[in-house]
Visitor: 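My structure is below; once you've seen it, I'll send some questions.
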Amino acid sequence: MRPAPPAISIIDVNSCYVSIELLFKPWLRNRACIVLSNNDSACVARNSHAKALGIRMGQPWHEIAHLVRSGQVHAFSSCYELYQDMSNRIMAVLATQAPRIEVYSIDEAWLDLSGLPESEYAAWGRDVRDTVLRQVGIPVGVGIGPTKTLAKLANWAAKTWAPKTGWVVDLSDPCRQARLLKLAPVEEVWGIGPRLTRRLADMGVKTAWELAKMDARLLRRIFGVTVERTARELAGERCFEVGESPGPKQMIAATRSFGRKITRYEDIAAAIATHTVRAAAKLRAQGSLCQCLQVFARTSAFAKQGQSYSGQRIVALPCPTDDSRTLVSAALEGLAHLYREGPRYAKAGIVLSQFVAGDRYTPDLFAPPPRPKSHDLMRAMDAINAKMGRATVRLAREDAGHGWQMRRELLSPRYTTVWEDLAPAG
DNA sequence: TCTGGGGTCCTAGGACCC
DNA sequence: TCTGGGGTCCTAGGACCC
């Protein structure tokens, strides 16, 4: 028997955040529901009923508020703690369904179908969907194809033509590939965003099929290697493999819009201190030390001409560190340089970069000595905060200002991660 | 009035070197 | 008048992703 050609599956959670919220509120399942971004400022997830009402991804709250007030739509503030916990459960189930899994985002994973006969792909997909639904209670969609890009397109088709597809599409067959590629607008292709869509349209390329048929060398010359690979993948040639778990991050950011516009230095400084502490904890969690910190504060991207300001500062750390106190000092030093009196600041944050592995770093003879007991103190802080909740132990700087905290007025209980919020048995 | 946050990869162009 | 060329490294910015 001929070995089956290799196949890849992409599995994603349908309307991820809304599906999770509704798992704990089943009585709302047939109503229009949405989840809002930080500060309750825009819609980031919608179920099919909300889509049917015409609510768009990213639509600002002030355009939707009247639908919520009149009871036509139910809205929830986002609660990433809950979503991440549910995601972990789903990924754990998926990991049992294939020899190799690459977790791609909070709501998506690639699975390597090596070893499975081609004739069983579709049945496998339906079985995975049933298993996740039964064990976690969350609906997923399944796309299968010979390359990542084709699997993604299959997943798009599964959603677009549901419920007819049963949320599963297998695109292994070349005839089905051709049919779908001709139907699919080029902007639905993974890796083709709004800019490329416009530039491709200028060249007369409107469908995935037309992109797949373009000369690869020409694409490389005009658009670069990424678009060339995308086109090759659409034509069935593998350019991206299913990876193992990704390595440590190369940058860690912590940024937030403020709950309202603020102008006082102390308030921005408190926000920056809090963000830096959050990033530092992430840095330690992956065992890295960082050598560069970038801090920024700016007015709204929609501020009028003449009233907008964006300041940023890069601070080099004299020796690699993961100490929250050192990083907060560096961040505030940078903030002092970029702060101007007057602007109504809307957002601020920090980005850590230039990492070295903590266990492989040996301080050189001339480096300033690290803070005494830094390692033990930071670990103790992380341990307490992991057990008692984030920011149980914190730096005084974090409390020195106010008015910048997020708005989350429609927050659901954190059913699975906080004892007090535990869902009642029923 | 009100418009998210956190990532990755690629490329062009400048600095610098021989 | 005419003013090297090629390599490497780094960074800022652009584009994409979810």
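Numbered from 1 within each chain, the chains take letters A, B, ... in sequence-line order.
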Visitor: Do other residues, nucleotides or ligands put more than 12 heavy atoms under 6.0 Å from the CZ atom of A:R195?
Guide: no

Visitor: The side chain of A:Q250 is closest to which nucleotide in this list: B:dC9, B:dG7, C:dC18?
Guide: B:dC9

Visitor: Mark yes when over 12 heavy atoms from residues, nucleotides or ligands other than A:R344 sit less than 6.0 Å from its CZ; otherwise mark no.
Guide: no

Visitor: Which one, B:dT11, C:dC18, B:dG7, comes nearest to the side chain of A:V225?
Guide: B:dT11

Visitor: Just the rounded figure in Å: distance from P of B:dG6 to CD of A:Q286.
Guide: 15 Å

Visitor: Between A:Y339 and A:Y345, does the ring centre distance come in under 6.0 Å?
Guide: yes

Visitor: Examine A:W161 together with A:W167 and report whether their ring centres are nearer than 6.0 Å.
Guide: no

Visitor: Of all the choices, B:dT8, B:dT3, C:dC16, which nucleotide is nearest to the side chain of A:K261 once you look at every atom?
Guide: B:dT3

Visitor: Between B:dG4, B:dG7, C:dT11, which nucleotide gets closest to the side-chain atoms of A:S257?
Guide: B:dG4

Visitor: Reading DNA chain B from 5' onward, which residue's closest nucleotide shows up sooner: A:N39 or A:R344?
Guide: A:R344

Visitor: A side-chain contact here means heavy atoms from C-beta on lying under 4.5 Å apart; do A:E102 and A:V242 qualify?
Guide: yes

Visitor: Could you tell me whether A:V189 contacts a base, only the sugar-phosphate backbone, or nothing, with contacts defined as non-hydrogen atoms closer than 4.0 Å?
Guide: sugar-phosphate

Visitor: Does A:R199 put a side-chain nitrogen or oxygen below 4.0 Å from OP1 or OP2 of C:dA15?
Guide: no

Visitor: Between A:K148 and C:dC17, does any side-chain N or O lie under 4.0 Å from OP1 or OP2?
Guide: no

Visitor: From the list B:dG6, B:dG5, B:dC10, which nucleotide is the closest neighbour of the side chain of A:N38?
Guide: B:dG5

Visitor: Once you apply the 3.5 Å cut-off to both distances, tell me the Watson-Crick or G-U wobble partner of B:dC16, or none.
Guide: C:dG7

Visitor: Touch check for A:D12, heavy atoms < 4.0 angstrom, all strands: base, sugar-phosphate only, or nothing?
Guide: nothing

Visitor: B:dG6 C1' sits how many Å from A:I106 CD1, rounded?
Guide: 11 Å

Visitor: For A:R408 and B:dG5, give me the distance from atom CZ to atom P, rounded to whole Å.
Guide: 12 Å

Visitor: Measuring to OP1 and OP2 of B:dG6, would you say a side-chain N or O of A:R278 lies under 4.0 angstrom away?
Guide: yes

Visitor: Given side-chain contact (heavy atoms from CB on, under 4.5 Å), test A:L317 with A:C290 step by step and report yes or no.
Guide: CA-CA 8 Å; A:L317 285 320; A:C290 103; 4.0 Å; yes

Visitor: Using the side-chain heavy atoms of A:T255, tell me which of these nucleotides is nearest: B:dG4, B:dG5, C:dC16.
Guide: B:dG5

Visitor: Base, sugar-phosphate, or nothing for A:A65, non-hydrogen atoms under 4.0 angstrom?
Guide: nothing

Visitor: Taking the six-membered ring of A:W190, is NZ or CZ of A:K148 closer than 6.0 Å to its centre and within 45° of its axis?
Guide: no

Visitor: Picking from B:dT3, B:dG7, B:dC10, which would you name as closest to the side chain of A:P60?
Guide: B:dT3

Visitor: May I have the distance from A:R256 (atom CZ) to B:dG6 (atom C1'), rounded to whole angstrom?
Guide: 9 Å

Visitor: Whole-Å distance between C:dC17 P and A:E187 CD?
Guide: 11 Å

Visitor: If you check the A:I314 side chain, which of B:dC2, C:dA12, C:dA15 turns out closest?
Guide: C:dA12

Visitor: Using a heavy-atom cut-off of 4.0 Å across all strands, would you classify A:I192 as base, sugar-phosphate, or nothing?
Guide: sugar-phosphate

Visitor: Would one find a side-chain N or O of A:K282 under 4.0 angstrom from OP1 or OP2 of B:dG7?
Guide: yes

Visitor: Using the C1' atom on both, measure B:dC16 against C:dG4 and round to a whole Å.
Guide: 16 Å

Visitor: Report the residue (A:Y17 or A:R229) whose heavy-atom-nearest nucleotide on DNA chain B is the more 5′ of the two.
Guide: A:Y17

Visitor: Report the nucleotide, chosen from C:dC18, B:dG5, C:dT11, that has the shortest atom-to-atom distance to any side-chain atom of A:K347.
Guide: B:dG5

Visitor: Choosing from B:dG7, C:dC16, B:dG4, which nucleotide comes nearest the side chain of A:K249?
Guide: B:dG7

Visitor: Using a 4.0 Å heavy-atom cut-off across all strands, classify A:L196 as base, sugar-phosphate, or nothing.
Guide: sugar-phosphate

Visitor: Grab the CD-C1' distance between A:E63 and B:dT1 for me, whole Å please.
Guide: 13 Å

Visitor: Given atom CD of A:Q59 and atom C1' of B:dT3, what is their separation to the nearest angstrom?
Guide: 11 Å

Visitor: For A:A253, report the nucleic acid contact type (base, sugar-phosphate, nothing); a contact means any heavy atom under 4.0 Å.
Guide: sugar-phosphate

Visitor: Give the rounded distance in Å between these two atoms: OH of A:Y83 and P of B:dG6.
Guide: 16 Å

Visitor: Could you say whether the aromatic ring of A:W190 and the base of C:dC17 stack, counting only centre distances under 5.5 Å and plane angles under 30°?
Guide: no

